[in-house]
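Reviewing the structure listed below.
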There are 2 protein chains.
Amino acid sequence: MAAPVTVYGPVISPAVARVAACLLEKDVPFQIEPVDMSKGEHKSPSFLKLQPFGQVPAFKDHLTTVFESRAICRYICDQYADRGNQALLGKKEDGAVGRAAIEQWIEAESQSFNPPSLAMIFQLAFAPMMGRTTDMAVVEQNEVKLTKVLDVYDQRLGESQYFAGDDFSLADLVHLPNADFLVNRTNKAGLITERKNLARWWDDVSTRPAWKKVIEMQSAPRPS
Amino acid sequence: MAAPVTVYGPVISPAVARVAACLLEKDVPFQIEPVDMSKGEHKSPSFLKLQPFGQVPAFKDHLTTVFESRAICRYICDQYADRGNQALLGKKEDGAVGRAAIEQWIEAESQSFNPPSLAMIFQLAFAPMMGRTTDMAVVEQNEVKLTKVLDVYDQRLGESQYFAGDDFSLADLVHLPNADFLVNRTNKAGLITERKNLARWWDDVSTRPAWKKVIEMQSAPRPS
């Protein structure tokens, strides 16, 4: 029987890894359908039906298709509410207030953390892989921006164990792909590991079984 | 009796206007608490307790505080589910699938539409207001990016009346502030009004009573 859930895109992509981490936390079985971006498969008519901007990931289950990694993660939490980790978007009894406490930090990731961290990752990790020259001016500009965000994060994580309180949630999960790249695939690990509370948080969230499985998937040889 | 809901920030700010539009659609009474950014009030200790990044808007009701405009909008829809427009995050009977159809276009706004349109608005509308020189290179670079996004939007809005289907939703609403600036306060209106389906959509969504009320609030003299 085919897995009911398909994620389209290479799992090395931070946005694809974000969705994979969410599915693993939720214990929802899935298959990865590789999209060969070097061959332009993400711009093919069939892929554009799933994702009109031609970006990865795209997502399909037996009920619908969804694009944009953070929208896909929310859908997985809502649709598969009774499976796996049931606190990712707040416990049922915490209602709209509990969900909002998480949503505001998901948006912080999306608006404040992701743009500078992704720009740095692109320059420091992806550009060398693709044989391009790293633009150090871009790295430095974005490091200035990211530093301000991480100072706020470190303060926040001195007040509570996770971004939204006592429980690991989607607010923590959405940060994992870019944070992992920074720590493990660039020379900028210190941005996270030299901030006391962020370092404590990183040791915790990066060793969760779901994230360790994503790293294993990223390291596996690509299907030919 | 004081209004139960407070939005902190100047309503001319696109992100504050986004939240005001949502509250008006939901028929939730609110008050605006001006934050004088020219005096650095958004960096004051009391404001940073509401919004740790020192950005507007911040939001407070009798139950909680929330930051980030799109997180605030989601909270308003969830917490005040039975008031005003009840389809903004999908009709109850459409469940997680209906919400995801909306969420993916909210994320498209956040990831693809907002960055280039906000950069253009800053250069073409805010910089002159603040006595700064417009950087036309930034305008042109972002217009190239925005054009690609609007081509996808125009195609989408040729398939359905609104972004997520037959009903006006939060996916449409989140676009209103930046789209309004582009159309009414820059010389780039044609980006929207010269695309057939986007123009039809814009005529519809921008004349909704809630949005017209936001424009009225933006035009009112500021309290001294």
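Residue numbers start from 1 in every chain, and the chains themselves are labelled A, B, ... in the order their sequence lines are given, proteins ahead of strands. This structure is a prediction, so every number in the text was calculated from the model and none was measured. Basis for what follows: all heavy atoms, side chains included, without hydrogens, waters or symmetry-related copies.
Interface residue B/Val66: backbone and side-chain heavy atoms are both found under 4.5 Å from chain A. In this structure, the portions of A/Val97 lying under 4.5 Å from any heavy atom of chain B include both its backbone and its side chain.
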Please report all inter-chain donor-acceptor pairs (under 3.5 Å) between chain A and chain B, with distances to 0.1 Å.
unit_1	atom_1	unit_2	atom_2	d
A/Phe67	N	B/Gln104	OE1	3.0
A/Arg74	NH1	B/Glu107	OE2	2.9
A/Gln104	OE1	B/Phe67	N	3.0
A/Glu107	OE2	B/Arg74	NH1	2.9
A/Ser110	OG	B/Ser110	OG	3.4
A/Ser110	OG	B/Gln111	NE2	2.9
A/Gln111	NE2	B/Ser110	OG	2.9

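For chain B, the option among A/Ala108, A/Ala81, A/Gly54, A/Gly95 with the highest count of heavy-atom pairs below 4.5 Å is A/Ala108.
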